[in-house]
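Accompanying notes for the structure given below.
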Amino acid sequence: EISLGLVGSEMCIRDRDFVNKNDLQEWMNNNSSMNIYNFREVEKMTIFDTANDKFKIGEVNDLEIKSSIFSNYQILKLNESLSLNAKSGDVSISEVAKDFKHINLKNTHSTIKLNIAEHGNFGINIYNVNAIDYRLPPNAKLIEKDSNKNAYFKIGESKNTGTIDIQCDRCELDIWD
């Protein structure tokens, strides 16, 4: 498990092994913003505060970003959950596991790209759907759209294994399987 409070200079973690999370935390606390962080595989990561950083993550089970401003996230594989509270940061996930649990994205001015494993069964809640330019898989079914401009879509025929909640202002959303 890694917990980060990033206030970090143009430094980079590249294939660097940190034996314990205290070493990583100490290294990051001594750097300013505009970092590039590369992680191969992470069980659980919590980022408390980040600005103007770029994250490249190979595989992660659980990722929580509490506050992010102008930081971008490129994830090869998300297995279980992602929670992101951001302003103006892009998110790209090459593969979301078929049996993921929850993705919660609160963002402004961003591009969000999610590739969900084939034959998944999940729900998508889009809040203020008129503020988002979205593209969903062809098999997405609109279940409900309320007077507050919130929409709920269903993918797949079986019971949901996961849920995606998107609350975004002036965003571009791409979800495909």
Same hydrophobic cluster for W176 and I155, using side-chain heavy-atom links shorter than 4.5 Å among ILVMFWY?
no

Shortest non-hydrogen pair, N130 vs K145, comes out as OD1-NZ, 4.1 Å

What is the distance from atom OG of S83 to atom NZ of K66, rounded to the nearest 0.5 Å?
8.0 Å

ILVMFWY cluster, I65 and F70 together (side-chain gap under 4.5 Å):
no

Does the pair I112 and L105 meet the rule for a side-chain contact (heavy atoms from CB on, under 4.5 Å), with working shown?
CA-CA 9 Å; I112 300 166; L105 302 173; 3.6 Å; yes

Tell me who clusters with I143, hydrophobic residues only, linked when side chains sit under 4.5 Å apart either directly or through other members.
Y152

Before giving the answer on side-chain hydrogen bond (donor to acceptor under 3.5 Å, both in side chains), spell out for T50 and S71 the whole-Å C-alpha distance, their side-chain angles and the decisive distance to 0.1 Å.
CA-CA 7 Å; T50 177; S71 291; 3.1 Å; yes

Could you tell me the separation between the NZ atom of K44 and the OG atom of S81, rounded to the nearest 0.5 Å?
8.0 Å

Measuring from atom CZ of F55 to atom OH of Y37, what distance do you get when rounded to the nearest 0.5 angstrom?
6.0 Å

Would you confirm whether the ring centroid of F153 sits within less than 6.0 angstrom of the ring centroid of Y134?
yes

4.5 Å side-chain heavy-atom contact, I124 and I175
yes

Below 4.5 Å, heavy atoms only, C-beta onward: do I47 and D49 meet side chain to side chain?
no

Report whether I164 and Y127 are members of the same hydrophobic cluster (ILVMFWY, side-chain heavy atoms less than 4.5 Å apart, transitive linking).
no

Non-neighbouring partners of E172 that pass side-chain hydrogen bond (donor to acceptor under 3.5 Å, both in side chains), sequence neighbours left out:
R135

Might you point out which heavy atoms bring D99 and T161 nearest each other, and give the distance in Å?
CA-OG1, 4.1 Å

Can you tell me how far the NE2 atom of H102 sits from the CG atom of L78, to the nearest 0.5 Å?
11.5 Å

Looking at D165 and N104, would you say the former's side chain and the latter's main chain have a donor-acceptor pair under 3.5 Å?
no

Only one of N79, V42, L82, L84 passes side-chain contact (heavy atoms from CB on, under 4.5 Å) with L63; say which it is.
L82

Pairwise side-chain contact, I103 with V96, heavy-atom cut-off 4.5 Å (strictly under)
yes

Find out if a path of hydrophobic residues (ILVMFWY) with successive side-chain heavy-atom gaps under 4.5 Å connects F122 to L136.
yes

side-chain contact (heavy atoms from CB on, under 4.5 Å) evaluation trace for S88 with S110:
CA-CA 5 Å; S88 300; S110 70; over 6 Å; no

Using a 3.5 Å distance criterion without hydrogens, assess whether the side chain of N148 forms a donor-acceptor pair with backbone atoms of N150.
no

Determine, stepwise, if the pair E80 / N61 fulfils side-chain hydrogen bond (donor to acceptor under 3.5 Å, both in side chains).
CA-CA 5 Å; E80 293 184 23; N61 286 342; 4.6 Å; no

Applying side-chain contact (heavy atoms from CB on, under 4.5 Å), run through I93 and N115 and close with a yes or a no.
CA-CA 6 Å; I93 303 176; N115 183 10; over 6 Å; no

Side-chain heavy atoms of I166 within contact of N125, under 4.5 Å:
no

Working to the nearest 0.5 Å, report the span between NZ of K77 and OG of S94.
12.0 Å

I need the minimum non-hydrogen distance between C168 and I132, along with the two atoms involved.
O-CG1, 3.5 Å

Keeping the roles fixed (side chain from N121, backbone from E157), state whether a donor-acceptor pair exists under 3.5 Å.
yes

Looking at every non-hydrogen atom in both residues, tell me the closest pair between G120 and K98 and how far apart they are.
CA-CG, 4.1 Å

Please say whether more than 12 non-hydrogen atoms of neighbouring residues, nucleotides or ligands are located less than 6.0 Å from NZ in K154.
yes

Between the side chain of N107 and the main-chain N/O of G89, is any donor-acceptor distance below 3.5 Å?
yes

Just verifying a value: how many Å separate N85 CG and E64 CD, rounded to the nearest 0.5 Å?
10.0 Å

